[in-house]
Amino acid sequence: MLIGLVAVVAVVAAGVGIRAVSTAIDASDSSAKSCPKSSLSNLAAAGSPTWLLKKPGGQKLATELSYRVGHPERATAHVNVAARRGARSKALPRDIRIGAFVLGGGLSDGSRGMGFTPVAAAKRSRDGRSVRVGLCVQRPGERGLSAPGKYTGKVRVAGPRVRAVDVPVSVSIRGNWIGPALIAVFVSIIGALMPFTTKPEDGVEVDTGARKAAQRVLALLPFASGLAAGCLAAFLVYVDDPTWGAERGADTIKLVVAAYAAASAGLAATALPTKATRRALAQPTVSGGAAAGAAAPTVAPATNPPSPPA
């Protein structure tokens, strides 16, 4: 009965807490700084290019976007500058304006577009030997505008008298965390509610109020450890997958299995030790005088045999 009541309270508290956290995050995101506006004017090549942009191996723009609406995510990469023979300087001059933009108007996962276009920018380094490329991704106000998944594309870095270079881009979008959180709490409670951990010790009387309170705490300990382990495992599964929700069925099954297994393991890890402690606490307390009296055997008084008749 007590475990069931605690489970109901845990579900209600989890729902209220998750809702409160979501509201707080939305409020903080509403004041978050937005991505800068993209300016693509005067980026067309003018005449024969004098400087070349080269992408080092492995350079790409990759970032993860959570369900959060107003919070922008950023990624950076670098491209090298090389000058053709006859150039007045091997470094890119300060008066050459460099910019960047997303090719094709946006990113896609192969079957659908992301629904909005990230903002790309480029900036010359101080020595002019490289160009810093930046990408800012900020989901608009509609959360359902883009489905979870991995969206890819290219950012082109260009400028007057500069040969352009394309940098690969990938944006991973993770689904809303509220659904996985509720699933984790519910499944963890089920995994932690196993009969053998909640049955009272049969035929045991606990004589003092303090020991009764300790028994109640120990009875709840396996449930609490199972609930915590299940929620933690579900959280790790969710965080480890940058595109959680792209395959809703498979992702949910993976979350449920991890939460249930961890909840059962966490419960089992504390069930036996707490049961042993509860049994020890449940042993009746016997005072020293009573023990001595119980231990002393009762001996009948000796009688003399009758005398034979004279």
Side-chain angles (χ1 to χ4, degrees), residues 7 10-19 21-23 25-26 29 60-75 102 104 106-118 135 137-154 168-194 223 225-269:
V11 171
V12 175
V16 174
I18 289 171
R19 179 62 180 172
V21 172
S22 177
T23 302
I25 291 177
D26 290 345
D29 286 342
K60 63 180 180 179
L61 295 164
T63 186
E64 297 179 7
L65 189 65
S66 67
Y67 84 103
R68 299 171 68 173
V69 175
H71 185 73
E73 299 290 346
R74 292 176 171 84
V102 178
L107 309 180
S108 70
D109 64 354
S111 60
R112 61 178 181 266
M114 191 167 66
F116 61 96
T117 303
L135 185 76
V137 186
Q138 185 175 20
R139 185 182 295 189
E142 297 81 3
R143 284 181 176 166
L145 188 61
S146 55
K150 186 174 183 179
Y151 299 87
T152 58
K154 291 183 178 181
V169 177
S170 66
V171 176
S172 300
I173 297 181
R174 185 184 288 113
N176 196 326
W177 65 274
I178 296 179
L182 291 175
I183 293 173
V185 173
F186 181 73
V187 174
S188 298
I189 288 176
I190 293 177
L193 286 177
M194 297 184 69
F223 170 76
S225 63
L227 178 61
C231 291
L232 178 59
F235 172 76
L236 294 177
V237 169
Y238 174 76
V239 171
D240 187 60
D241 188 354
T243 61
W244 195 96
E247 299 179 4
R248 182 73 65 178
D251 291 340
T252 302
I253 291 175
K254 182 169 61 175
L255 190 78
V256 168
V257 170
Y260 186 85
S264 300
L267 177 143

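Sequential numbering from 1 along the given sequence is applied to the chain's residues. Please read all numbers here as calculations on a predicted model, not as lab measurements.
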If we ignore hydrogens and angles and just use 3.5 Å, is the side chain of [X] paired with the main-chain N or O of [Y] as donor and acceptor?
{"X": "Y238", "Y": "L255", "result": "no"}
{"X": "S188", "Y": "C231", "result": "yes"}
{"X": "S172", "Y": "T243", "result": "no"}

Looking at every heavy atom in both [X] and [Y], which two are closest together, and how far apart are they?
{"X": "G266", "Y": "A229", "value": "CA-CB, 4.1 Å"}
{"X": "A62", "Y": "A75", "value": "O-CB, 3.5 Å"}
{"X": "G106", "Y": "T117", "value": "CA-OG1, 4.0 Å"}
{"X": "V187", "Y": "V256", "value": "CG1-O, 3.6 Å"}
{"X": "T63", "Y": "E73", "value": "OG1-CB, 3.5 Å"}
{"X": "L107", "Y": "P118", "value": "CD1-CG, 3.9 Å"}

Is the closest side-chain heavy-atom distance between [X] and [Y] below 4.5 Å?
{"X": "S170", "Y": "K150", "result": "yes"}
{"X": "L135", "Y": "V169", "result": "yes"}
{"X": "I189", "Y": "F223", "result": "yes"}
{"X": "Q138", "Y": "F116", "result": "no"}

Atom CZ of R248: over 12 foreign heavy atoms under 6.0 Å: no
task: Could you tell me the separation between the CG atom of L61 and the OG1 atom of T152, rounded to the nearest 0.5 Å?
output: 12.5 Å
Among D251, I173, N176, the one residue meeting side chain to side chain contact (heavy atoms under 4.5 Å, CB included) with W244: D251
